[in-house]
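This report refers to the structure that appears directly beneath it.
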There are 2 protein chains.
Amino acid sequence: MTSDKRRLQPRKQPRQVRAELTRQRILTAAAHVFAEHGYAAGTTNRIAERARISIGSLYQYYPNKDAILVELVARHLDAGVAALARREENGLPDSLEEIVRLYVRTAIENHLDDPQLLRVMIEHAPRSLALLEKVARFEQERVAYMRELFDRHPEVRVGDSETAARLVVSTVELVVHQLTAAPDPIDIPRFENELVAMLTRYLSAAG
Amino acid sequence: MTSDKRRLQPRKQPRQVRAELTRQRILTAAAHVFAEHGYAAGTTNRIAERARISIGSLYQYYPNKDAILVELVARHLDAGVAALARREENGLPDSLEEIVRLYVRTAIENHLDDPQLLRVMIEHAPRSLALLEKVARFEQERVAYMRELFDRHPEVRVGDSETAARLVVSTVELVVHQLTAAPDPIDIPRFENELVAMLTRYLSAAG
DNA sequence: CACAATTATGAGCAATTATTCAGTTCGCGC
DNA sequence: GCGCGAACTGAATAATTGCTCATAATTGTG
């Protein structure tokens, strides 16, 4: 139950394709099980069962339950970074509103995959030292990136770009998550518009 | 582990002062234990120990662990409603910004008590049917109230007041919670200013 | 004081869970 | 097709947890 497990690295370096495959099966199964039952009720035996491997095999690849979720989170964060980078390949739009929209839309798409799993990740983060560090570092980078962007862009008028960046990053992350994970379906495009409008007006208004 | 326990009501109607006292001890202890260990690791035995009563007594007042958290949530929601009502006793301010500030500040104060406990409440809500219903009803009321307020106020210019109300309620709740529960201390007044600015500009800008 | 109702006790049960390990099977180079 | 390490197996273990119940203590009442 403690968070500071010593070894979160895989126990075994895979040498055969078989091993790599098993590792992937575990992750996929874990994603399903955690999403459906939550972290506490998502038992390692259930994960192994769903992956159709023995519980012993699971513990050859992950030293404990926490490590599995940590890897899932790491992969999710990486996917998010990659998605944003891909969208920026052709350069950012000029207008602030379009930049904000790009950012918001990427966030939405990233959350649309599996909102339930994401909920588990977010919920469990504060109880896992490994996750806490990983997520904190990620958010810091995000804020720094946003801040730089705000500093450069001529439409942006805010007193303190650091505070503004934090507020924007938090708001997008939280609101998007809540909306996509909400039990009752929601008109996504409309909320995207409103969220973009709110952020754009905030950033571009005179201080 | 299932959420739909049949009886969430206290098992016993207290007839002596002693009983009422014990009940309060349990709640106070539970608040501390849940805040410190989270829901899963916040065991009923630990709660009883902290309340300095026997585990048997605990189960005379609450049929199961879930019921304890449900009552804590109910009390928190009631306190929130009461706090807002108290602030509105002398009438609302005229300017939109001041109304928004009043709302944001009340939310902050409500979260400042015990952010960790609040985190547990929020996290566990989706796994408990009783909590889910309670919180959903509360949020609906909040949204309806906000919407009506927006419809009346001359400074508010939004296309769809329902969507705007939802966005505002969600944003305040989520951002305030994240900020107050954040591990590193944060400049609360500054964030209050920025959040108020963001919401006000959003609501008052021309659609 | 006596008696009944209310409240408190806590050892222990049943169920669940993460994790281990002794043994088996598989795959690949020779 | 042989041998050896890599990969897999799953029954067993130790620990934990929510909760019960038979019993005891306390309180109010006539």
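Per chain, numbering begins at 1; letters A, B, ... match sequence-line order. Values below: all heavy atoms of this structure, side chains included; hydrogens, waters and symmetry mates excluded.
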- Message: Return whichever of A/I53 or B/S57 has its heavy-atom-nearest nucleotide of DNA chain D closer to the 5' end.
- Response: A/I53
- Which of these nucleotides, C/dT19, D/dA6, D/dG10, is closest to any side-chain atom of A/K65? C/dT19
- Separation between CZ (A/R119) and OG1 (A/T180), nearest 0.5 Å, reads 9.0 Å
- Item | Nearest-Å distance for atom pair CG/P, residues A/L58 and C/dT20 | 12 Å
- Message: So that I can tick it off, tell me whether A/E141 and A/R137 are bridged by a salt bridge, with the cut-off set at under 4.0 angstrom between side-chain N and carboxylate O.
- Response: no
- Query: Which nucleotide, D/dA6, C/dA8, D/dT20, lies nearest any side-chain atom of B/T22?
  - Reply: C/dA8
- So what does A/T43 hit on the nucleic acid, given a heavy-atom distance under 4.0 Å: a base, only sugar-phosphate, or nothing? sugar-phosphate
- Short side-chain N/O contact from B/S54 to OP1 or OP2 of C/dT9, under 4.0 Å: yes
- Degree of bending in the helix from C/dC1-D/dG30 to C/dC30-D/dG1 once both end axes are built from five pairs, to 10°: 10°
- Task: Can you tell me the distance, in whole Å, between the CG atom of A/N45 and the P atom of D/dA11?
- Result: 11 Å
- Message: Rounded to whole Å, how long is the line connecting atom CD1 of B/I68 with atom C1' of D/dG18?
- Response: 11 Å
- Query: Has the side chain of B/R25 got a donor or acceptor atom that lies under 3.5 Å from a matching backbone atom of B/A51?
  - Reply: yes
- What is the distance, rounded to the nearest whole Å, between atom OH of A/Y61 and atom P of D/dA7? 5 Å
- Message: Can you confirm whether A/R101 sits close enough to A/N193 that some side-chain heavy atom of one is under 4.5 Å from a side-chain heavy atom of the other?
- Response: yes
- Query: How long is the line joining CZ of B/R18 and C1' of C/dT9, in whole Å?
  - Reply: 12 Å
- Message: Can you pull out every ring pair (Phe, Tyr, Trp, His ring centres under 6.0 Å) where at least one residue sits in residues 111-148 of chain A? Sequence neighbours excluded, please.
- Response: A/Y39-A/H124
- Among D/dG10, C/dG10, C/dA8, which is the nearest nucleotide to the side chain of B/I55? C/dG10
- Note on the structure: Rounded to whole Å, CG of B/L21 lies from P of D/dT27 at a distance of 12 Å
- Query: Nearest of D/dC8, C/dT9, D/dC19 to any side-chain atom of B/N64?
  - Reply: D/dC19
- Interatomic distance where CD belongs to A/E20 and P belongs to D/dC8 [whole Å]: 11 Å
- Message: If I take atom CD in residue A/Q16 and atom C1' in nucleotide D/dA7, what distance separates them, rounded to the nearest angstrom?
- Response: 7 Å
- Query: According to a strict under-4.0 Å criterion, is A/T44 in side-chain N/O contact with OP1 or OP2 of C/dA18?
  - Reply: yes
- Task: Have a look at B/I108 and tell me which of B/L179, B/V172, B/I188 forms a side chain to side chain contact (heavy atoms under 4.5 Å, CB included) with it.
- Result: B/I188
- Given DNA chain D, 5'-ward residue of the pair B/V17 and B/G56, judged by closest heavy atom: B/G56
- From the options C/dA18, D/dG18, D/dC8, select the nucleotide whose nearest atom is closest to the side chain of A/Y59. C/dA18
- What distance do A/F150 atom CZ and A/S204 atom OG have between them, rounded to the nearest 0.5 Å? 11.0 Å
- Query: Is the backbone of B/Y202 close enough, under 3.5 Å, to the side chain of A/R201 for a donor and an acceptor to pair up by distance?
  - Reply: yes
